[in-house]
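Nothing here was measured: the structure is a model prediction, and the numbers come from that model.
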Amino acid sequence: MENRNVFPAWSLSADEALRTLETSREGLSRKEVAFRLKHFGENTLVREKRFTLPGLLAKQFASPLIFILIMATALTIFLREWVDTTVILLAILVNAGLGFYQEFRAENALEKLNTYVRERARSVRDGREEEIDSALLVPGDIIHVAYGQRIPADARIIEVNNLSTDESVLTGESLPVHKDAATVSEGVDVSDRTSMVHAGTLVVEGAGMAVVTATDSHTEIGRIAELVSTTHETKTPLQRALARMAWFIFLVVAVLAGLIFFLGLSRGESVFEMLLMAAAISVGAVPEALPIALTVILAVGLERLAKRKGVMRNLAAAETLGSATVVMTDKTGTLTEANMKLVDIFPRAELIGKEHTGSFSEDEREVLEGALWGADVTIENPEDAHKDWRFLGRPFEVSVMRGAHERGIDVQAFIDARESPLLVFNSTNKFSIVRGTHDEKSAYFVIGAPDILLAR
């Protein structure tokens, strides 16, 4: 297991890959999962280092104008001009405080958002399939992949049913890649590893089972993420213009203060008086209100964005959005609970649109039981009370299973007796075919889009 991310799993048979990863089709034990998670770490891609309070505070003093004010503060302290020192320090602190407050709020909101948006995966552990956070996957885990799912880690296919994935994020090829469990040559490129599914790619057809071979930065998408993470931040036009102006002011002030200081000495003035004069010129020439004014203006912009539920990482980002003249979006504007529910059942077409009586008829039961044969759903906690059962699977199929469960149908019997579908639902056919037993007779159940089925 030491070099689990090095061996070419695609060139091994499914059984050889399982042996190499020291696992089985029943999945890993929880004890082994805990050990591997500690050894290999979480299945997360390279992320920018989390902000720290000292770093965020130090960032507020990186402006050249602030640097000039700090130099002036040091000079006034040396000359014991406490009023000037207090005024300049207040200007510095107000600017740093506003910037720190706004950026801390933005960074904190992004951190909370990152913990909320987490991928889920269906994994087999101790012989039972369950839904887990994909960050907790480890090499050797058995995962269930199905239509519409994002692959959570690089994995070697061990079972497949008409499986195809969109790997354009890795290869740039827009056509789906058909997958199977057959071995391929060790030296093939990523695009030709048909016995592998890769993290970040999307299942566009079929379903299958696979064993995880690589996680986190050792996946193919992880290697790309590592390259992207090495890029450097680019300053905005406003930041570049402000820096140029600040250094210009700094040089002009330094030259003028130096000239006045030495001219005064040449006329016989005291060193103390000329230092005080140089400090006064320096402070007077520096537009100390400019950093504060910019901070306030950008902070007002961020506050307005925040009221509209917009989260921006730092103050300078407000300039970027403020410079935009056209914003193109692809959003319908709908809001959902992300909780699909079975609302009603219409056994016959002529009943569609009519008011429902609220009772559960035998015709409706027959339709619902037929739909259960095509629902690829498992129960995460079968040992709990029936009312507390949690169903795992695609949202539509889960809603059918939950609706049947609420109507008193023994859904566990259908899950235990369900056979592998003869035709898996996909975006091309838009229907599935599965064989089951109904009224002690073997039957075929076809489930899919009404317009497609009626046309056939």
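Taking the six-membered ring for Trp and thresholds of 30 and 60 degrees, Phe445 and Trp373 have nearly parallel ring planes, at less than 30 degrees apart. Between His386 and Trp389, the ring planes are tilted. Angles from 30° to 60° get that label.
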For side-chain contact (heavy atoms from CB on, under 4.5 Å), just list the numbers for Val138 and Asn43, CA-CA rounded to whole Å, side-chain angles, deciding distance to a tenth of an Å, and then say yes or no. CA-CA 7 Å; Val138 295; Asn43 177 35; over 6 Å; no
Would you check, one step at a time, whether the test salt bridge (charged side-chain N to carboxylate O under 4.0 Å, His left out) holds for Arg150 with Asp166? CA-CA 10 Å; Arg150 185 78 58 182; Asp166 177 2; over 6 Å; no
Just do the salt bridge (charged side-chain N to carboxylate O under 4.0 Å, His left out) check on Arg19 and Glu22 with the steps written out, would you? CA-CA 5 Å; Arg19 285 196 298 272; Glu22 300 175 16; over 6 Å; no
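Ring to ring, Phe40 and His218 are not that close: their centroids are 6.0 angstrom or more apart.
Heavy atoms only, all atoms of each residue included: Ser185 and Ser11 are closest at C-CB, 4.3 Å. The shortest non-hydrogen separation linking Leu342 to Ser399 is CB-O, 3.7 Å.
When side chains are defined from C-beta on, Arg36 does not count as touching Lys31, because their heavy atoms never get closer than 4.5 Å.
Considering Glu167, Glu159, Glu205 as possible partners of Lys179, the one that fulfils the salt bridge (charged side-chain N to carboxylate O under 4.0 Å, His left out) test is Glu167.
More than 12 heavy atoms of other shown residues, nucleotides or ligands fall within 6.0 angstrom of atom CZ in Phe431.
Using a distance-only test at 3.5 Å, with no hydrogens or angles considered, no donor-acceptor pair links the side chain of Asp141 to the main chain of Gly27.
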